[in-house]
Protein chains: 2
Amino acid sequence: MIEQLRNIEIFTSLSDSSLHELANHIEHVKYKKGTIIIHADKIEPHFYVLEKGIARAYCNGENQEITFWFGQSGNVLFSFNSYINNRPGYENVELLVNSTLIQIRLSDLFSLYEDNLEIANWGRKIAEQELIATERRLIDRAFKGAAERYQDFINQSPELIKRVALKHIASYLGVTQVTLSRIRAAHK
Amino acid sequence: MIEQLRNIEIFTSLSDSSLHELANHIEHVKYKKGTIIIHADKIEPHFYVLEKGIARAYCNGENQEITFWFGQSGNVLFSFNSYINNRPGYENVELLVNSTLIQIRLSDLFSLYEDNLEIANWGRKIAEQELIATERRLIDRAFKGAAERYQDFINQSPELIKRVALKHIASYLGVTQVTLSRIRAAHK
DNA sequence: GGTAACATTTTACAAATGTTAAAAAATGAT
DNA sequence: ATCATTTTTTAACATTTGTAAAATGTTACC
């Protein structure tokens, strides 16, 4: 069990004893492609690590659906507002391929945060890494054109380009699918 | 000393004993309007709480300067990349009015994180709150037009509208100053 | 293999925003 | 108060991106 977790980067910083504590509260779950594992407007009681798979988080607007996050194997996955504020979230999370996830109840995780210094700092670093990545995206939107953001996406996430529908990538990049098609056409 | 910190919201969740520990490492500093307290491309060795004042964080581009964050009294203030990755940051932070700040050395703060469970969780929550606010902004960019984002800004930060140059607000909202002027003109 | 459902590209046009430059207004320093 | 500097607005025009609809391509399933 521990050995299996050791293969996942997010757990490598934890000592054996903390990883053991965490492992006591972990379940492995499997879902098929297309499963919505997190629903907007509901409190999601679990924190997940995407052991193997691809996921996207999106919000529903009036006419549109905006994808604002992609997760790949090794990434953490949770409803921000459930995890952070214990309130219903604003995002849906859909698995884009058959996936296996590690699941921890938030109530268990929060207990660990109150008991175990190492795990509390582990949780702090998770939030910090997500924070800096999110801010980078916000800044990139200001400094880079859509074409450059698309190139960056290809470079940084070659797996996703292959396996994710372009309409999702378009909204992730902050443009319509038509604009993304134009960018792609210009590059040939 | 403790009483003074108790007036600042960010510290209200801490117990007396933790606040005492934190207070041992705190200095109060004062800077004039216009001071750049954090410089891009340098490691900033302090974590700040803006006790009284207004600040903005911005990045320098080729022709432009993009403001992507405002801080007001009570907000935390730090170089993301220094704090999170111990690397030179990408942002400058300028004080827009004469300000007083609480200053903690990052090395001291990190030691507290490794020693004090309550402070570690306090640090976790700071990162989480910044994270959810940043993600909200990213999502709002997708769902709301510039005029609506401006209205939201007025509603949420009435102080800033009064006291911050419109050119900074324009780039914060993700538009040029010309566009912001047009939005303002349309509202009369 | 054929068909239905869905995804992507293309086209034509509309709307929003950017660019540049200049004028007007506000601010600050002496 | 006046002058110089900076900020904000306005104007004209260019560019980018969006919208809607049709055409083409792809996938999954019977």
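Below, chain A is the first sequence line, B the second, and so on; all start at residue 1.
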Relative to the 5' end of DNA chain D, which residue comes earlier, B:Ala165 or B:Val178, by the nucleotide with the nearest heavy atom?
B:Ala165

Distance, rounded to the nearest Å, where A:Arg149 contributes CZ and D:dT17 contributes P
8 Å

Which nucleotide in the set C:dT9, C:dT11, C:dT20 lies at the smallest distance from any side-chain heavy atom of A:Arg184?
C:dT9

What nucleotide among D:dT8, D:dT17, C:dG18 has an atom nearest to a side-chain atom of B:Thr176?
C:dG18

Measure the distance from CD on B:Gln64 to P on C:dT19 and round it to the nearest whole Å.
7 Å

Distance check needed: D:dT17 C1' versus A:Lys144 NZ, whole Å only.
20 Å

Stacked cation flag B:Arg136 on A:Tyr90, 6.0 angstrom / 45 deg:
yes

Same apolar cluster (I L V M F W Y, side chains within < 4.5 Å links), A:Ile84/A:Ile43:
no

Between P of D:dT16 and CD1 of A:Ile183, the distance in whole Å
11 Å

Stacked cation flag B:Arg137 on B:Tyr172, 6.0 angstrom / 45 deg
yes

Residue pair B:Thr179/B:Lys33 against DNA chain C: nearer the 5' end by closest nucleotide is B:Thr179

Among the clusters formed by ILVMFWY side chains lying less than 4.5 Å apart, do A:Leu180 and B:Leu138 turn up in the same one?
no

Out of C:dT9, D:dT8, C:dT17, which nucleotide sits closest to the side chain of A:Ser181?
C:dT9

Nearest-angstrom distance from the residue atom CG of A:Leu180 to P of C:dT9
7 Å

Roughly, in whole Å, what's the span from NZ in B:Lys162 to C1' in C:dT27?
19 Å

From C-beta outward on A:Gln177, which listed nucleotide comes closest to its side chain: D:dT19, C:dT8, C:dT10?
C:dT8

Find the distance A:His168:NE2 to C:dT8:P and express it as a whole number of Å.
8 Å

Can a side-chain donor-acceptor contact be found between A:Asn85 and B:Gln129 if the only test is distance below 3.5 angstrom?
yes

Measure CG/A:Leu173 against P/D:dT16 and give the value in whole Å, please.
18 Å

Would you indicate which nucleotide in D:dA20, C:dT19, D:dT9 comes nearest to any side-chain atom of B:Leu166?
D:dT9

